[in-house]
Engineer: 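Pasting in a structure now, in structure tokens, and then I'll have a few things to ask.
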Amino acid sequence: MNELAANLERIRQNMAAACVRAGREPSTVQLMAVSKGQPPEAVCAAAALGVELFGENKVQEGKAKRPLCPGRLRWHLIGHLQSNKCRDALQFFDCLQGVDRLALAQELQRWAEKLALRKPILLEVNVAGEASKYGFSPERLLAEVKAINALPRLELRGLMTLAPWTPEPEKVRPVFRRLRELKEECEQLLGAPLPELSMGMSGDYEVAIEEGATLVRIGTALFGPRQNWKRPGAAAGD
Ligand SMILES: *Cc1c(COP(=O)(O)O)cnc(C)c1O
């Protein structure tokens, strides 16, 4: 077995074990392979092993990489989205996970209308209130979720968060628990279920699953260190 296959096998086993601990069905948690920085060959290799969902944090990188990775793969944008990239984000991704402000949602709505498409989105929440991270504060989320849910071209599917980095994943359990509670509070406000909770990365996905994650975003534990892949013709620092 090569390294990628061994990593994938170990991650799948850890995911299943976390589901058992939490009394959940393993089929209720999706694995996203975070391919940012990785060359298209890495995506193809993961796809050949049965991975179907990929995450990129930059619009231009995802736009360039996707056509180089054939097959019925799904791609989510998981990074911060600038308003001037709404059009490409809508055209080249199946779901936008980093929607972090009302004005951005409104801009996406305008472009989706022009492009005549409807797009699933997740709202990014800065649960721990870190100055270095994007995302709605919990208060803003609860104040604005109804207005976002009312935008007809966006299909609000749930919430996502990035937990603070720590070598001890147990420490971020309260962050994941809070995101689940916020999802429930949003569901009450909307009177409708929000199916997705995107939380957990290489270092903390098992705790995230125990706290209710439906989608874990895993990069380095699967692919190894990021390789700084650049799209053909990209300028330095691009
Ligand atoms: C890079 C990234 C990940 C994956 O991080 P790893 O620690 O490599 O698993 C997950 N989510 C987001 C939003 C990211 O930017």
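Keep in mind that what you see is a predicted model, and the values were worked out from it rather than measured. First listed ligand is number 1; within each ligand, the first listed atom is number 1.
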Engineer: Between atom CG of Leu77 and atom CD of Glu61, what is the distance when rounded to the nearest 0.5 Å?
Structural biologist: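 Going from the CG atom of Leu77 to the CD atom of Glu61 covers 11.0 Å.
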Engineer: Among Pro67, Pro70, Cys69, exactly one meets side-chain contact (heavy atoms from CB on, under 4.5 Å) together with Pro40. Which residue is that?
Structural biologist: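 With Pro40 as partner, Pro67, Pro70, Cys69 yield a single side-chain contact (heavy atoms from CB on, under 4.5 Å), made by Cys69.
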Engineer: Any idea which protein heavy atom is nearest atom 10 (C) of ligand 1, and the distance to it?
Structural biologist: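 Minimum-distance protein heavy atom for atom 10 (C) of ligand 1 reads Met201 SD, 3.2 Å.
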Engineer: Establish whether Leu179 and Leu96 are linked, either directly or via other cluster members, by ILVMFWY side-chain heavy-atom contacts under 4.5 Å.
Structural biologist: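 Yes.
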Engineer: Compute whether any side-chain donor of one residue and acceptor of the other, for Gln13 and Glu9, lie under 3.5 angstrom apart.
Structural biologist: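 There is such a pair (donor and acceptor under 3.5 Å, judged by atom type) between the side chains of Gln13 and Glu9.
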Engineer: Which atoms from ligand 1 have a heavy atom of Thr220 less than 4.0 Å away?
Structural biologist: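 Answer, ordered by atom number: 6 (P), 7 (O), 8 (O), 9 (O).
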Engineer: Which of these, Lys36, His76, Met160, has its nearest heavy atom closest to atom 14 (C) of ligand 1?
Structural biologist: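 Minimum heavy-atom distance to atom 14 (C) of ligand 1 goes to Lys36.
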Engineer: Are Leu142 and Cys186 close enough that some pair of their side-chain heavy atoms sits under 4.5 Å apart?
Structural biologist: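 Of all side-chain heavy-atom pairs linking Cys186 with Leu142, at least one is under 4.5 Å.
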Engineer: Could a heavy atom of Gln97 be found less than 4.0 Å from some atom of ligand 1?
Structural biologist: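 No, Gln97 has no heavy atoms under 4.0 Å from ligand 1.
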Engineer: Do the two ring centres, one from Trp75 and one from Phe93, sit under 6.0 Å apart?
Structural biologist: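 Ring centres of Phe93 and Trp75 not closer than 6.0 Å.
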Engineer: So, regarding Ser202 and ligand 1 (criterion: nitrogen or oxygen to nitrogen or oxygen, under 3.5 Å), is there a contact or not?
Structural biologist: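 Yes, there is a polar N/O contact under 3.5 Å.
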Engineer: Could you tell me, atom by atom, which parts of ligand 1 come under 4.0 Å of a heavy atom of Ile218?
Structural biologist: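 With Ile218 as reference, the close atoms of ligand 1 come out as 9 (O).
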Engineer: At a 4.0 Å threshold, what atoms of ligand 1 neighbour a non-hydrogen atom of Gly219?
Structural biologist: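 Those atoms are 4 (C), 6 (P), 8 (O), 9 (O).
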Engineer: Give the atom numbers and elements of ligand 1 that come within less than 4.0 Å of a heavy atom of Arg217.
Structural biologist: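 It comes down to these atoms of ligand 1: 4 (C), 9 (O), 10 (C), 11 (N), 12 (C), 13 (C).
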Engineer: Residue-level breakdown please: for Leu222 versus ligand 1, do any non-hydrogen atoms fall below 4.0 Å on the side chain, on the backbone, on both, or on neither?
Structural biologist: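 None of Leu222 does.
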Engineer: If you have a sec, work out which protein heavy atom is nearest atom 13 (C) of ligand 1 and how many Å separate them, to one decimal?
Structural biologist: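 Of every protein heavy atom, Ile78 O, 3.4 Å lies nearest to atom 13 (C) of ligand 1.
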Engineer: Look at atom CZ of Arg140 and say whether more than 12 heavy atoms of other residues, nucleotides or ligands are closer to it than 6.0 Å.
Structural biologist: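 No, CZ of Arg140 has 12 or fewer neighbouring heavy atoms, counting only those of other groups under 6.0 Å.
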